[in-house]
Structure formats: C-alpha cells, structure tokens
**Q** 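Sharing a structure here in structure tokens format.
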Amino acid sequence: MKISSLEIRCCRHEAVVVEGAAMRDGIAQDGLEFLVYTVNTDDGSSASMFGFAGRSALGAGHLAASSFRPFLQGRNALDREQIWHDWRVSDRWWHHLPIYCFGPVDCCLWLLGAQAASQPLWRYIGGARAKVPVYASSLVHADADAYANEALDVQRAGLQAYKIHPPGKSVGEDIEIHQAVRKAVGSDFNLMSDPVAPYTLEEAVRLGRELESLDYLWLEEPLPDENFSALRELTRILDIPVVGTEVLARHPYSVAECIASRVVDAVRADVSWTGGVTGAVKTARLAEAFHMNCELHTTIFHPLELVNLHVCGAVKNCSYFEVLWPMEKFAFGLKGRLPIEGGMASLPTANGLGADLDWDMIDNATIAVV
C-alpha cells in the first residue's frame, strides 16, 4: 500500500459566520477556512480528512503540500509509526510547520489502515468503550446573560456538561459570568472553565478559588501552556483540577514534564494539533501511566471531531467528547450528523471513519487544489 499521491484542497465555507463578539481579537470572520487532505495509494485505496487552516487555507495548503508531497511519496501507508517519527526529524531540520499541519496526514494513514482491516477506527486502534458522554463548549459572548442562556440551552438539549470561554478582559467580570451560569443551571449540572490564558498567577488563583466554591469540574488554561513554573504553583495551590497543554507543539515529548512533575492535573490533546491519531494516543497513554486524564480538545470541524471521537473510544482516561456550541454552526463536512443522542456519543460501527464526507459541500467550498 504505497502512497502514490497527496491532494490538498483549500476551502472556504461561506455559510459559517463567527461574529466579532465571539472572537477575543475582535476581528469578525465571515466564512470559515479549512483544508481537505486526500492520501491515495497504488492499490487504489484513498482516505480524506479535514485540516485546520487558521485564517488562510491557501497559505496553509501551499505550506503543507510543498512539505508533505515529497516526504510521503512512495512510502508504505501502513508504516504510520515510522512516518510519524521521520516527520518529527524532517520538520525539525527544515520545515517548522504549524502544529496543525501533520495531524490530517496521520489521520488519513490510520483511516487507510482501518479500512484495509475492515474495522472502525476506534477498534483498529484498540477499543475501550462504545459510548462517550458529551459536553458543549461556548464561543466568547458579550455578557453573563448570554452565557447563562446558552448553558440552559445545552442543559435542555441533554448534554452532560457546559464549558465557558469567558471574555478574559477582567477577572471580576469573568467571575460574575461563572456565577451567573451556575445559578442558571443549578447545582447538579457539570461546568468547566477555559479562559484561554489571559490571567496573571494571582488572578488565576482568585478565579480558581471562586470556581471551587461554585463546584466547577476543572479550570483549563488560565495561564499560557508554556508557563510551567506558574502553572505548577497554581496546581499546587488550588483544589480544583488545572488542565492544560493543548497548544504545546510536539506531543507527547513536550508534555512529558507537565505530566511527570504535575505542572497540571490533566493534559489536553487532539487529532488536529497534536500530531494526528498517533500523537493524541501517545499523549493519552503517557498520561494514563501517571494516573492522569488526557481530555481531548475539540477540533472544530466535524469530520475531525469524528476522528477525535474514535480516539475517545480507544482510551480510558478521557472524561468527555467535546463539541463547540451551537453545534449547528459547525455541522458541515459530513453527510450525516455526529452520532450524539441523549448526551452520549456512540462510536461508529462501519469501517474506517464510519461516515462519508460531504463531497458536494467540499466541492462548493474549494477555492484551490494544491
């Protein structure tokens, strides 16, 4: 099963509008850009997967194609582990690509293997569970009422928990938001907080203490992921679990110290930013060896989310499957919907990804093929 070609589509889905109020940088994004990678092999097999592209699909696509096409040509698609390690070396020497570039390639290789083995991906990796509880993650909203109302919508929809991405401009304002959400949903509904690194250590302690009194489940990335010393001190001081590491490059090696010396209480990984299925599983297994959770991070795009779900089904130390809310805003790329019902995600039983990509939508969104 030698790799014969790599095609990368640069895409823009005009139907998705991420409002300025939902972006901390204040820049409205009309249309959401992404890539679609397709790996073809000499026996006629192929696998495709979405990829993150930041604000420029054309820029990300050209970078990825020029680096991966000569690197992959002629390799055995089943040699995922060797390809993963060889790419680490190659990327260090010359490419230095963004953290989101290699993940879709690795996902395609895993899907090719699962398809050839006639197994759903999660069972090909090594099945652990057939259902995973689901929580919703907010975008960034204007005020406490918006968060409280959305949390109620999530609760009514039957999901298992709600995570707040607060504005992060004032710790006092953020505390008021967290208080309003707890009051709205009551004491029995699980809540989490993900401020996305806006605070000083002292502000993070202040928020953490308040979240403890409000019985929040965890506090995620209150400080930058690379600020090991401050995170370690915050983890030591607070009783609420501190979670981080999702934007550290080169998992699992970059998070090994975080795990071994308890920089955080739980780590984050995903198939988009962590080096694909291989990187996410390596990070989860490393964390498991230290009796630590690896909470999988949303990948935004539903085809990638489905791969993330397969990894959730193959590991034991992940509490939930995360989706962005409202789900309808991001429900494109698959012919059907994510398999979520009653607050639980069911692992697919069909081979490979277990669902078809929506190629009509992809064709309409394609602005270039590189």
**Q** Considering residues at least two apart in sequence or located in another chain, which fulfil the salt bridge (Lys or Arg N to Asp or Glu O under 4.0 Å) criterion with R250?
**A**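 R250 satisfies salt bridge (Lys or Arg N to Asp or Glu O under 4.0 Å) with D91 once adjacent residues are dropped.
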**Q** Would you please say whether a donor-acceptor pair under 3.5 Å links the side chains of S4 and D42?
**A** no
**Q** Rounded to the nearest 0.5 Å, what separation is found between the OG atom of S45 and the CD1 atom of I3?
**A** 11.5 Å
**Q** Is the closest side-chain donor-acceptor distance between E150 and H141 under 3.5 Å?
**A**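 Yes, a side-chain donor-acceptor pair sits under 3.5 Å.
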**Q** Before giving the answer on side-chain hydrogen bond (donor to acceptor under 3.5 Å, both in side chains), spell out for N190 and Y216 the whole-Å C-alpha distance, their side-chain angles and the decisive distance to 0.1 Å.
**A** CA-CA 7 Å; N190 280 335; Y216 272 63; over 6 Å; no
**Q** For the residue pair N308 and T298, confirm or rule out a side-chain donor-acceptor distance under 3.5 Å.
**A**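 There is no such pair (donor and acceptor under 3.5 Å, judged by atom type) between the side chains of N308 and T298.
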**Q** Using the test salt bridge (Lys or Arg N to Asp or Glu O under 4.0 Å), find all partners of D215 that sit at least two apart in sequence or belong to another chain.
**A**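 Salt bridge (Lys or Arg N to Asp or Glu O under 4.0 Å) check on D215 returns nothing, list empty.
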**Q** Between R232 and E257, does any side-chain N to carboxylate O distance fall below 4.0 Å?
**A** yes
**Q** Assess the side chains of T235 and R262: does a donor N or O sit below 3.5 Å from an acceptor N or O?
**A**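 The answer is no; no qualifying pair exists.
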**Q** Evaluate the side chain to side chain contact (heavy atoms under 4.5 Å, CB included) criterion for residues V311 and L296: first the C-alpha distance (whole Å), next the side-chain angles of each, then the deciding distance (0.1 Å), finally the verdict.
**A** CA-CA 8 Å; V311 175; L296 292 181; 3.7 Å; yes
**Q** Check whether any side-chain heavy atom of S193 lies under 4.5 Å from a side-chain heavy atom of E220, and answer yes or no.
**A** no
**Q** If I take atom OG from residue S319 and atom CG from residue L217, how far apart are they, to the nearest 0.5 angstrom?
**A**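 If we round to the nearest 0.5 Å, S319:OG and L217:CG are 7.0 Å apart.
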**Q** Taking side chain to side chain contact (heavy atoms under 4.5 Å, CB included) as the definition, give me every residue that meets it alongside H85, ordered by chain and number, with sequence neighbours left out.
**A**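 If we apply the side chain to side chain contact (heavy atoms under 4.5 Å, CB included) test to H85, skipping adjacent residues, the hits are E81, Y253, K282.
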**Q** Between CG of D174 and CD of Q179, what distance do you get to the nearest 0.5 Å?
**A**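 Nearest 0.5 Å value for the CG-CD distance: 11.0 Å.
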**Q** E212 and R209: salt bridge (charged side-chain N to carboxylate O under 4.0 Å, His left out), yes or no, with the steps?
**A** CA-CA 5 Å; E212 287 170 354; R209 290 296 191 213; 3.2 Å; yes
**Q** Test side-chain hydrogen bond (donor to acceptor under 3.5 Å, both in side chains) on S137 and D194 and set out the steps.
**A** CA-CA 9 Å; S137 243; D194 182 2; 5.8 Å; no
**Q** Please determine if E233 and R236 form a salt bridge, counting it only when a charged side-chain N lies under 4.0 Å from a carboxylate O.
**A**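 Counted as a salt bridge, because a side-chain N and a carboxylate O are separated by less than 4.0 Å.
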**Q** Ring pair (Phe, Tyr, Trp, His ring centres under 6.0 Å) with H62: which residues, sequence neighbours excluded?
**A** none
**Q** On the 0 to 90° scale, with breaks at 30° and 60°, tag the W87-F68 ring pair as parallel, tilted or perpendicular.
**A**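 W87 vs F68 ring planes: tilted.
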**Q** Please check if any side-chain donor atom of S272 sits under 3.5 Å from a side-chain acceptor atom of T299, or the reverse.
**A** no
**Q** Does atom NE2 of H291 have more than 12 heavy-atom neighbours, drawn from other residues, nucleotides or ligands, at distances under 6.0 Å?
**A** no
**Q** Where does the angle between the aromatic ring planes of W218 and Y135 fall among parallel (under 30°), tilted (30 to 60°) and perpendicular (over 60°)?
**A**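 Ring orientation, 0 to 90° scale: perpendicular.
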**Q** Just how far is it from atom OG of S90 to atom CD1 of I83, taken to the nearest 0.5 Å?
**A** 12.0 Å
**Q** Would you please name every residue forming a ring pair (Phe, Tyr, Trp, His ring centres under 6.0 Å) with Y199, sequence neighbours left out?
**A** none
**Q** How many angstroms lie between atom CZ of R9 and atom OG1 of T366, to the nearest 0.5 angstrom?
**A** 4.5 Å
**Q** Listed by chain and number, what are the ring pair (Phe, Tyr, Trp, His ring centres under 6.0 Å) partners of H251, not counting sequence neighbours?
**A** none
**Q** With side chains defined as the heavy atoms from C-beta onward, is the minimum distance between I259 and V267 less than 4.5 Å?
**A**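 Contact flag for I259/V267 side chains = yes.
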**Q** What residues, two or more places apart in sequence or in another chain, satisfy ring pair (Phe, Tyr, Trp, His ring centres under 6.0 Å) together with F332?
**A**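 For F332, the residues satisfying ring pair (Phe, Tyr, Trp, His ring centres under 6.0 Å) (neighbours in sequence not counted) are H13, F34.
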**Q** With sequence neighbours excluded, tell me which residues meet salt bridge (Lys or Arg N to Asp or Glu O under 4.0 Å) with D358.
**A**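 Counting only residues at least two positions away or on another chain, D358 forms no salt bridge (Lys or Arg N to Asp or Glu O under 4.0 Å).
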**Q** Would you say the side chains of S5 and N40 form a donor-acceptor pair under 3.5 Å?
**A**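 Per modelled atom types, S5 and N40 side chains form a pair under 3.5 Å.
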**Q** State the CZ-CG distance between R12 and L32, to the nearest 0.5 angstrom.
**A**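 Interatomic distance, R12 CZ to L32 CG, rounded to 0.5 Å: 9.0 Å.
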**Q** So, using salt bridge (Lys or Arg N to Asp or Glu O under 4.0 Å) as the criterion, who are the partners of R88 when residues are at least two apart?
**A**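 Expected list: none.
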**Q** Do L347 and L309 come within less than 4.5 Å of each other through their side chains, counting heavy atoms only?
**A** yes
**Q** Not counting sequence neighbours, which residues clear side chain to side chain contact (heavy atoms under 4.5 Å, CB included) with E328? List them please.
**A**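 Once residues adjacent in sequence are excluded, the partners of E328 under the side chain to side chain contact (heavy atoms under 4.5 Å, CB included) criterion are P326, R337.
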**Q** Can a salt bridge be assigned to the pair D86 and R75 using a cut-off of 4.0 Å between side-chain N and carboxylate O?
**A** yes
**Q** Between E33 and R55, is there a side-chain N and carboxylate O pair less than 4.0 Å apart?
**A** no
**Q** May I ask you to say whether R268 pairs ionically with E322, meaning some side-chain N is under 4.0 Å from a carboxylate O?
**A**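 Result for this pair is yes, salt bridge flagged.
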**Q** Hey, does P195 have a side-chain heavy atom less than 4.5 Å from the side chain of L219?
**A**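 The answer is yes; the side chains approach within 4.5 Å.
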**Q** Does some side-chain heavy atom of M292 sit less than 4.5 Å from a side-chain heavy atom of D265?
**A** no
**Q** If the condition is side chain to side chain contact (heavy atoms under 4.5 Å, CB included), which residues does Q73 pass it with, not counting sequence neighbours?
**A** none
**Q** Taking K2 first and then D43, would you say they form a salt bridge - that is, a charged N and a carboxylate O separated by under 4.0 Å?
**A**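 Here K2 does not pair with D43 in a salt bridge, since their nearest N and O are not under 4.0 Å apart.
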**Q** For residues 114-128, dump all side-chain donor-acceptor pairs below 3.5 Å to protein atoms at least two apart in sequence or in another chain.
**A**
from: Q115; atom 1: NE2; to: S46; atom 2: O; distance (Å): 3.3
from: W122; atom 1: NE1; to: P348; atom 2: O; distance (Å): 2.8
from: Y124; atom 1: OH; to: R80; atom 2: NH1; distance (Å): 3.1

**Q** So M49 and L111, do their side chains get closer than 4.5 Å, heavy atoms only?
**A** yes
